[in-house]
Amino acid sequence: MSAADKVKPAASPAAQEPSAIAGNISYHAQYSPHFSPLAFGPEQAFYATAESVRDHLLQRWNDTYLHFHKTDPKQTYYLSMEYLQGRALTNAVGNLGITGAYADALKKFGYELEAIAGQERDAALGNGGLGRLASCFLDSMATLNLPSWGYGLRYRYGLFKQRIAQEGQEEIAEDWLDKFSPWEIVRHDVVYPIRFFGHVEISPDGKRKWTGGEVLSALAYDVPIPGYKTKNAISLRLWDAKATAEDFNLFQFNDGQYESAAQLHSRAQQICAVLYPGDATEEGKLLRLKQQYFLCSASLQDIIFRFKERKADRVSGKWSEFPSKVAVQMNDTHPTLAIPELMRLLMDVEGLGWDEAWDVTNK
């Protein structure tokens with residue numbers, strides 16, 4: 001019998017009392033399984049506890065989104081190449097005001113909250129002051145009930161994990177997603193095309209269209225950012241790069257050309273492999289540029305979609321409202337491609353002229 005079997009499982013997403021919280025943790029251990037059914041060591045206890053806390057966040061998250069959807073305020077969108085979030089479990093229960101209740105609930109399984117929180121891996125999305133500043137801004141905006149949203153990239157590996165060997169310091173990839181993150185929620189309905197390379201075609205009427213090249217998909221993963229002593233919970237939306245089944249050459253694969261068959265899939269994995277890939281080579285400089293453009297294009301397409309979604313009657317003639325509803329904050333120089341990309345989207349996709357598009361972008 002595992003420790004989780006000592007407590008009767010009962011789904012209770014908004015539980016506040018230790019006994020109900022313990023039941024919800026036991027429920028996730030049994031009905032949101034990620035491990036063998038008899039396993040409930042500290043690691044398994046962490047994931048079940050984190051998913052129980054996420055239940056609390058989900059309701060606040062949805063309520064926050066619906067509130068801002070209805071009131072349609074001017075919203076800040078924070079673009080950053082990195083975030084240094086830190087461990088989320090203790091921060092979440094502290095902000096929700098239920099640290100003591102969760103500590104008492106975990107004692108029913110024979111665990112201390114501090115020990116279970118120590119099982120969490122840091123989200124390897126940043127490595128220094130720039131990333132920490134970005135995360136502090138998100139925490140502050142959530143606490144101040146500001147209509148805000150963060151955008152970043154979902155890096156597969158951290159900058160590096162250091163270890164000391166006989167030869168000296170060694171740096172290896174930090175696999176923070178070795179299992180999974182209990183905080184992120186993949187949004188399979190939020191996908192945008194991102195084009196690289198290609199060429200511009202000019203039609204007889206003078207209109208220009210960007211075509212050809214490589215087209216990848218930006219898939220959204222959302223992480224809730226709870227405010228302190230408030231019901232507000234905003235989002236950090238992280239983009240992951242994907243290629244489609246159509247980009248996999250089955251004929252080449254069956255012919256033994258395995259690497260050639262999945263070239264675009266391999267290039268998609270490179271986009272979000274690591275933060276700040278080495279740029280001593282031309283290939284490294286190109287990858288960094290692709291990362292920055294990927295972040296900017298996906299985020300701006302999402303911002304434009306939300307602008308239209310919040311007022312169904314918005315058409316091209318309403319673009320003068322865009323600056324009164326959208327503020328884009330660029331963290332350092334990495335997201336500055338957002339400026340020409342917004343111009344491109346407004347002109348090529350939305351059909352605005354140069355002067356009107358520049359007026360909107362400038363504001």
Side-chain angles (χ1 to χ4, degrees), residues 32-35 47 51 79 81 123-125 149 151-158 173-201 208-223 235-275 277 283-284 286-306 308-309 337-338 341 344-345 348-350:
S32 300
H34 304 287
F35 302 92
Y47 283 108
E51 290 181 324
L79 274 61
M81 286 299 290
L125 302 172
W149 198 288
Y151 283 109
L153 295 183
R154 183 179 179 261
Y155 301 108
R156 180 69 178 81
Y157 301 105
E174 183 181 14
D175 195 1
W176 73 287
L177 289 172
D178 176 40
K179 294 184 173 66
F180 66 99
S181 169
W183 308 109
E184 65 180 16
I185 294 179
V186 58
R187 305 293 192 187
H188 291 289
D189 57 332
V190 182
V191 183
Y192 298 102
I194 311 295
R195 188 183 304 274
F196 297 109
F197 311 114
H199 60 279
V200 176
E201 291 182 351
R208 288 160 171 78
K209 181 181 180 182
W210 183 16
T211 186
E214 302 171 355
V215 180
L216 300 179
S217 296
L219 174 65
Y221 285 77
D222 284 353
V223 179
S235 291
L236 169 58
R237 176 157 287 181
L238 302 172
W239 300 109
D240 198 7
K242 301 288 185 183
T244 66
E246 288 76 13
D247 298 316
F248 182 83
N249 193 316
L250 190 60
F251 177 81
Q252 286 185 336
F253 190 86
N254 287 332
D255 195 42
Q257 303 176 56
Y258 305 127
E259 293 182 3
S260 298
Q263 276 190 348
L264 200 56
H265 287 260
S266 176
R267 290 171 189 159
Q269 291 178 349
Q270 294 169 12
I271 297 290
C272 297
V274 296
L275 168 67
E283 290 79 4
L286 177 59
L287 181 55
R288 284 203 183 190
L289 187 61
K290 290 173 77 173
Q291 285 184 328
Q292 293 167 11
Y293 178 70
F294 189 85
L295 167 66
C296 293
S297 182
S299 302
L300 286 169
Q301 289 183 68
D302 197 46
I303 291 168
I304 289 172
F305 172 82
R306 191 167 304 106
K308 293 179 177 179
E309 179 188 46
L337 281 171
E341 175 61 5
R344 186 192 72 82
L345 290 169
D348 293 3
V349 179
E350 303 298 337

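The structure presented is a predicted model; accordingly, all values stated were derived computationally and were not measured.
Of all heavy-atom pairs between Leu125 and Arg154, the closest is CD2-CA, 4.3 Å. Across all their heavy atoms, Gly152 and Leu236 have their closest contact at N-CD1, 4.4 Å. The minimum heavy-atom distance linking Cys272 with Trp239 is given by the pair SG-O, 3.4 Å. In terms of heavy-atom proximity, Tyr47 sits nearest to Lys179 at OH-CB, 3.7 Å. Between Ile194 and Ala298, the shortest heavy-atom distance links the atoms CD1-N, 3.6 Å. Closest of all the heavy-atom pairs between Ala268 and Ala241 is O-CB, 3.4 Å.
Side-chain atoms of Ser266 never come within 3.5 Å of backbone atoms of Ala262 as a donor-acceptor pair (strictly under, hydrogens ignored). Of the possible polar contacts, one joining the Gln291 side chain to the Val274 backbone as a donor-acceptor pair under 3.5 Å is found. His265 contributes a side-chain N or O that, together with a main-chain N or O of Thr244, makes up a donor-acceptor pair within less than 3.5 Å.
Among residues two or more places apart in sequence or in another chain, the side-chain hydrogen bond (donor to acceptor under 3.5 Å, both in side chains) test is passed with Glu51 by His34. By the side-chain hydrogen bond (donor to acceptor under 3.5 Å, both in side chains) test, Gln301 pairs with Ser297, sequence neighbours left out. Every residue meeting the side-chain hydrogen bond (donor to acceptor under 3.5 Å, both in side chains) condition with Asp302, not counting sequence neighbours, appears here in chain and number order: Tyr151, Tyr192, Arg237, Arg306. In this view, Lys209 satisfies the salt bridge (Lys or Arg N to Asp or Glu O under 4.0 Å) rule with no residue, not counting sequence neighbours. Judged as a side-chain hydrogen bond (donor to acceptor under 3.5 Å, both in side chains), and not counting sequence neighbours, the contacts of Trp183 are Glu120. Partners of Asp348 under the salt bridge (Lys or Arg N to Asp or Glu O under 4.0 Å) rule, at least two apart in sequence or in another chain, do not exist in this structure.
Put simply, the side chain of Glu174 does not reach to within 4.5 Å of the side chain of Tyr155, judged on heavy atoms.
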Step-by-step side chain to side chain contact (heavy atoms under 4.5 Å, CB included) determination, Tyr157 to Asp175: CA-CA 5 Å; Tyr157 301 105; Asp175 195 1; 3.9 Å; yes
Determine, step by step, whether Tyr221 and Leu219 satisfy the side chain to side chain contact (heavy atoms under 4.5 Å, CB included) criterion, reporting the C-alpha distance in whole Å, the side-chain angles of both residues, the deciding distance to 0.1 Å, and the verdict. CA-CA 7 Å; Tyr221 285 77; Leu219 174 65; 4.0 Å; yes
Start with the C-alpha gap between Trp149 and Ile303, add the side-chain angles, then the distance that decides, and say whether side chain to side chain contact (heavy atoms under 4.5 Å, CB included) holds. CA-CA 10 Å; Trp149 198 288; Ile303 291 168; over 6 Å; no
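One distance of note links CG of Asp222 with CD of Glu184; it measures 9.5 Å at 0.5 Å rounding. From Glu309, atom CD reaches atom CD1 of Ile304 across 13.5 Å, with rounding to the nearest 0.5 Å. Of the inter-residue distances, the one linking Ile271 atom CD1 with Gln292 atom CD reads 11.0 Å to the nearest 0.5 angstrom. Of the inter-residue distances, the one linking Leu238 atom CG with Leu153 atom CG reads 8.0 Å to the nearest 0.5 angstrom. Atom-to-atom distance recorded for Leu264:CG and Glu246:CD is 11.5 Å, nearest 0.5 angstrom. Separating the CZ atom in Arg344 from the SG atom in Cys296 is a distance of 11.5 Å, to the nearest 0.5 Å.
Within 6.0 Å of CZ in Arg208 there are 12 or fewer heavy atoms belonging to other residues, nucleotides or ligands.
Under a cutoff of 6.0 Å and an axis angle of 45°, Lys290 and Phe196 form a cation-pi pair.
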